[in-house]
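Quick caveat, the model's predicted, so the values are computed rather than measured. Any value given below was found using the heavy atoms of this structure, including those in side chains, with hydrogens, waters and symmetry copies removed.
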Amino acid sequence: MKKSLAIIALAAAAVNASGATPTYLDDSRPLEERVEDALSRMTLREKVNLIHAQSKFSAPGVPRLGIAELWCTDGPMGVRPEVLWDEWEQAEWTNDSCTAFPSLTALAATWNPDMAMLYGKSIGEEARFRNKSVLLGPGINIYRTPLNGRNFEYIGEDPYLVASMVVPYVEGVQSNGVAACVKHFALNNNEINRHTSNPIVDDRTLYEIYLPGFKAAATEGNAWSFMGGYNLFRGEHASYNPILMNQILKGEWGWDGAVISDWGAVHDTRTAVTGGLDMEFGSWTNGLTNGASNAYDNYFLANPYYEGIMDGTYSTDELDDKVRRVLRLTFRTAMDRNRPWGSMGSDEHVAACLEIGQEGVVLLQNEGDILPLNPERKMKIAVVGENAIKAMTVGGGSSSLKARYEISPLDGIKKRLGDKADIVYARGYVGDTNNEYNGVVAGVDLTDSRSPEELKAEAIRAAKDADVVLFIGGLNKSNNQDCEDTDRLTLDLPYGQNELIEALAEANPNVVVVNISGTGVAMPWKDKVKGIMQAWYLGNETGNTLASLIFGDVNPSGKLPYTYYATLEQCGAHALGEYPGHPGTDQLGNEVMDIPYNEGIFVGYRFTDKNNLTPSFPFGHGLSYTDFSYGEARVGRKEGTNEDVFTVTVPVTNTGNRVGKEVVQLYVADLESSQPRPVKELKGFRKVALAPGETRDVSFEVSNADLSFFDAATHSWVSEPGEFSLLIGSSSADIRSGVNITLLPR
């Protein structure tokens with residue numbers, strides 16, 4: 001009833017203004033017809049107002065015509081709490097606590113598009129319930145370096161994996177009438193110097209590595225909005241870069257959505273007008289620094305743009321295109337009377353949080369089958385590490401959340417075991433004691449006056465007296481760790497954790513390390529501990545998720561979405577000396593940081609393969625509490641198509657005694673290319689659940705597109721005739737079977 005009254009009110013306002021109910025309020029009419037009708041009724045001032053913010057997170061719509069406001073919210077791992085009109089500080093609502101979902105690295109590690117759909121649908125329901133039009137996520141920039149402070153918000157190092165996971169996420173969000181805003185387009189691969197970084201990337205690398213995920217989001221997921229990055233590309237800022245926005249996104253891909261700037265990413269009216277930006281957001285006068293309150297009319301796409309049109313500097317052609325795109329966005333979201341109501345903090349969302357986390361945690365090492373621990377066995381467990389008690393939903397930048405609750409790892413372990421085990425906790429080290437971000441307080445007091453020596457001694461005593469040690473450490477969301485606007489300073493664990501783990505392993509042979517982080521860390525103690533779990537930031541259900549895996553209620557099935565380097569020198573961006581870049585100038589002579597991507601297409605496992613390097617753990621790696629065997633692959637050519645399509649099939653058997661899930665991975669190797677190509681590239685994966693003794697055939701289709709490379713000279717994808725290997729394995733370094741195919745000349 002309330003929805004109907006709102007629509008009637010909008011219609012009445014429009015009728016009063018025009019004398020008849022306009023077409024654009026009739027959502028049974030074709031979208032483009034509605035857009036053109038609304039555009040024809042708008043004044044120049046209303047058009048300009050439509051394309052820039054009126055507050056921290058909203059744009060004004062057209063009140064005279066009943067065209068609704070657009071409200072954005074930060075994501076992509078939960079709906080951000082409400083903030084004040086002009087500021088980042090909390091509005092201090094009491095009903096804006098959200099479900100905190102696992103980080104997008106955890107989602108990527110599920111290697112399961114069904115989990116991506118569930119994630120998008122669930123977070124979209126929460127955004128819809130809060131009446132948001134645009135969810136500012138997902139982030140899908142490629143992991144170029146493990147030091148990037150924002151890696152935890154992204155989906156890994158491989159373009160095929162990213163593309164496969166982003167499409168269902170976008171579709172899930174938008175099924176709620178909420179736009180996904182895919183970010184940060186493009187090449188936002190570091191946070192250090194993020195406003196001045198100028199990646200120097202050749203076209204082949206751009207199209208093969210850094211664009212496929214965005215292209216899939218635009219053309220397959222039909223994302224309704226994109227966000228530009230702070231960085232530059234070829235001397236021009238990404239948020240209004242004519243190559244990225246006009247030539248590629250809107251031109252080559254034929255995308256009809258709206259480009260939204262990152263907050264404060266606009267620096268110039270002229271290039272913002274012509275470079276493909278549609279909406280300018282930020283705060284205060286120029287989006288970043290303090291100024292006059294309610295100064296949004298001073299934005300580059302506000303009064304300066306209006307005055308430029310009035311004095312003839314700009315035509316209205318670009319403006320009308322921007323307005324059309326914003327109207328499409330509005331009609332698809334805020335003015336879609338048929339969109340669902342959504343829900344927030346539901347039991348279903350809690351279950352989704354738990355399931356995604358359980359499928360994403362990666363069992364990296366399990367010597368002597370130390371895991372799972374037997375929950376029925378009376379044992380003494382020493383839990384060591386600050387991350388066992390630290391809240392991780394607060395902090396890290398724009399993804400910081402006001403969660404309804406957060407179960408710590410220690411509490412999850414205690415809850416799972418009850419009185420069946422003697423659990424002793426020792427902190428071991430003090431890292432970040434801050435428990436507040438932008439007015440959200442985590443509610444955990446982390447102050448501790450003991451010296452590092454006292455903390456370490458307590459942990460060693462606990463370890464010596466225990467049957468097993470669970471070290472729960474890693475990174476957190478403070479500056480220079482997993483945090484927006486800063487990069488990590490080193491691959492090492494902070495706060496002396498490496499030394500502490502070494503000491504624990506000396507005191508007790510049964511040490512399991514649970515590393516909570518959004519990216520890889522150095523593990524010099526790897527061969528001295530029995531078990532290693534990569535646990536990510538797991539949201540509300542962190543403790544329950546970890547306990548279910550540690551004690552075997554759930555069989556681990558996550559796989560690494562990136563290469564786990566042993567040292568930074570195993571990463572191309574660092575081995576070739578081009579991180580974080582060197583001083584240069586942009587097109588206007590301003591100082592920037594030029595970052596040559598000298599590794600080219602050889603990112604992640606492509607680099608370690610090429611150079612015969614052995615990382616701590618390879619891309620795609622992840623163990624199970626059961627075992628899987630692979631049979632011989634077989635291949636056939638699919639008939640009746642206009643291109644070469646091959647079907648490769650492999651039987652996979654669960655040879656252990658537990659139900660488990662295996663991610664079967666397909667890699668393609670070009671054996672006789674005219675161009676340098678990776679040793680192999682991911683071109684398919686399937687996650688299959690198998691009972692003990694069960695065998696299932698897993699099949700993949702391989703087309704010309706999967707065999708091709710991007711030819712910069714002709715600006716086209718080329719699949720050369722010749723021989724290729726189709727390699728099937730459990731990780732990029734664990735190939736179990738393969739067949740060769742021949743692509744014939746056409």
Enquirer: For Arg339 and Thr333, indicate whether the former's side chain and the latter's backbone hold a donor-acceptor pair under 3.5 Å.
Expert: yes
Enquirer: Check Thr105, Asn476, Asn387, Asp482 against Tyr537 for a side-chain hydrogen bond (donor to acceptor under 3.5 Å, both in side chains) and give me the one that passes.
Expert: Asp482
Enquirer: Taking the ring centre of each residue, are Trp111 and Phe619 less than 6.0 Å apart?
Expert: yes
Enquirer: Do the non-hydrogen side-chain atoms of Phe471 and Asn515 ever get within less than 4.5 Å of each other?
Expert: no
Enquirer: When the ring centroid of Tyr296 is compared with that of Trp85, is the distance short of 6.0 Å?
Expert: no
Enquirer: Answer yes when Asp86 and Lys56 have at least one side-chain N-carboxylate O distance shorter than 4.0 Å, and no when they do not.
Expert: no
Enquirer: So if I apply the ring-ring contact (aromatic ring centres under 6.0 Å, His included) rule between Tyr562 and each of Tyr143, Phe617, Phe152, which one comes out positive?
Expert: Tyr143
Enquirer: Within a strict 4.5 Å, meaning less than it, do heavy atoms of the Ile381 and Val468 side chains meet?
Expert: yes
Enquirer: Applying ring-ring contact (aromatic ring centres under 6.0 Å, His included), can you list everything that pairs with Tyr425, at least two apart in sequence or on another chain?
Expert: none
Enquirer: Relative to each other, are the rings of Phe226 and Phe214 parallel, tilted or perpendicular (30° and 60° limits)?
Expert: tilted
Enquirer: When the side chains of residues 161-171 are checked against the rest of the protein, which donor-acceptor pairs come out under 3.5 Å, sequence neighbours left out?
Expert:
from: Ser164; atom 1: OG; to: Tyr160; atom 2: O; distance (Å): 2.9
from: Tyr169; atom 1: OH; to: Pro76; atom 2: O; distance (Å): 2.9

Enquirer: Tell me, please, which residues at least two apart from Ala459 pass side-chain contact (heavy atoms from CB on, under 4.5 Å).
Expert: Val384, Ala426, Leu500, Leu504
Enquirer: Are Asn544 and Leu354 close enough that some pair of their side-chain heavy atoms sits under 4.5 Å apart?
Expert: yes
Enquirer: Does the ring center of Trp263 lie less than 6.0 Å from the ring center of Tyr230?
Expert: no
